[in-house]
Amino acid sequence: RITPDGGTVGFISSSDTSAMLYLRSLNDVDAHPLPGTDGVFFYAFAPDGKRVAVMGADGKLRIVPLDGGASVTVGQFARSWSGLAWADNTTIVVGGQPGGPGLWVVSTTGGAPRQVFKPKPTLIHGSPFVADDGETVFFLDWGPGFTEDDYLAIGSLKTGTFETSK
């Protein structure tokens with residue numbers, strides 16, 4: 001992934017025991033680990049380009065400043081979920097996992113996560129991508145077989161309604 005200003009590339013590098021987010025400025029040949037991102041599974045750069053949201057196996061949703069500094073936990077989930085996306089500079093969309101509910105939104109200023117979409121019991125909502133309007137979200141509506149019953153969905157964070165491509 002690339003920061004909104006196009007100047008930095010982020011990628012996850014993992015070893016046998018851990019994973020970490022690395023950043024590489026396009027003006028530099030070397031990538032550097034970003035402190036506070038240990039155990040990362042998913043990440044998304046904030047629209048302001050100054051922060052990144054990360055989530056790992058511990059289910060903690062953290063905000064990490066790109067220029068260093070302490071990370072802040074803004075949400076706690078039962079496990080790592082499937083994807084993150086920023087809706088705007090204060091709202092993050094979190095995707096679901098098997099046995100978990102649909103998409104959730106979390107405020108970067110605190111408060112309880114709020115469920116936006118509820119899939120059928122056998123389905124999972126994940127891999128969110130929020131359009132530039134900050135309201136329209138594209139996501140995957142996965143079925144139990146993860147094949148022929150998977151669909152692209154589009155929904156509104158404002159109304160909580162969505163439609164699938166089937």
Side-chain angles (χ1 to χ4, degrees), residues 1-4 6 8-14 19-22 34 37-49 51-64 71-166:
R1 295 189 177 163
I2 300 173
T3 54
T8 303
V9 175
F11 61 92
I12 296 172
S13 180
S14 59
M20 189 168 233
L21 179 62
Y22 280 72
L34 181 62
T37 64
D38 297 27
V40 64
F41 277 6
F42 303 104
Y43 71 97
F45 291 112
D48 64 13
R51 302 165 292 156
V52 63
V54 298
M55 184 179 278
D58 62 2
K60 289 182 182 177
L61 177 60
R62 296 171 290 165
I63 307 298
V64 182
S71 66
V72 176
T73 300
V74 295
Q76 176 68 57
F77 293 88
R79 62 183 132 189
S80 178
W81 290 37
S82 64
L84 304 172
W86 289 76
D88 55 39
N89 277 314
T90 62
T91 307
I92 300 169
V93 180
V94 180
Q97 275 289 14
L103 297 183
W104 291 72
V105 293
V106 178
S107 171
T108 59
T109 59
R114 178 179 60 87
Q115 187 175 13
V116 180
F117 305 122
K118 295 180 183 180
K120 294 177 183 173
T122 59
L123 300 179
I124 303 159
H125 290 165
S127 301
F129 174 84
V130 181
D132 288 343
D133 66 6
E135 178 184 327
T136 306
V137 62
F138 299 88
F139 59 96
L140 297 178
D141 186 57
W142 290 311
F146 291 99
T147 54
E148 71 281 346
D149 48 5
D150 300 341
Y151 301 97
L152 179 62
I154 183 171
S156 168
L157 295 174
K158 186 175 183 180
T159 66
T161 60
F162 70 94
E163 296 180 15
T164 62
S165 59
K166 57 177 166 173

Check your understanding: What do you reckon, is CD of E135 surrounded by more than 12 foreign heavy atoms closer than 6.0 Å?
Key -> yes
Check your understanding: Near F11 CZ, under 6.0 Å, is it more than 12 heavy atoms from other residues, nucleotides or ligands?
Key -> yes
Mind listing the closest non-hydrogen atom pair of [X] and [Y] along with its distance?
X: V40; Y: A19; result: O-CB, 3.5 Å
X: N89; Y: A46; result: OD1-CB, 4.3 Å
X: S107; Y: V74; result: O-CB, 3.9 Å
X: T161; Y: T159; result: OG1-OG1, 2.8 Å
X: D38; Y: M20; result: OD1-CE, 2.7 Å
X: A53; Y: W86; result: CB-NE1, 3.6 Å

Are any of the side-chain heavy atoms of [X] and [Y] separated by less than 4.5 Å?
X: D141; Y: H125; value: yes
X: R62; Y: T37; value: no
X: V54; Y: L34; value: no

Check your understanding: Any idea how F117 and F162 line up, ring-wise: parallel (<30°), tilted (30 to 60°), or perpendicular (>60°)?
Key -> perpendicular
Point to revise | Trace of the side-chain contact (heavy atoms from CB on, under 4.5 Å) decision for V93 with V116 | key: CA-CA 9 Å; V93 180; V116 180; over 6 Å; no
Separation of [Y] [atom2] from [X] [atom1] (nearest 0.5 Å):
X: L152; Y: T164; atom1: CG; atom2: OG1; answer: 9.0 Å
X: I92; Y: I63; atom1: CD1; atom2: CD1; answer: 3.5 Å
X: D133; Y: D88; atom1: CG; atom2: CG; answer: 10.5 Å
X: R51; Y: S71; atom1: CZ; atom2: OG; answer: 13.5 Å
X: T90; Y: D48; atom1: OG1; atom2: CG; answer: 10.5 Å

Practice item. Taking T73 for its side chain and K60 for its backbone only, find out whether a donor-acceptor pair lies under 3.5 Å. Key: no
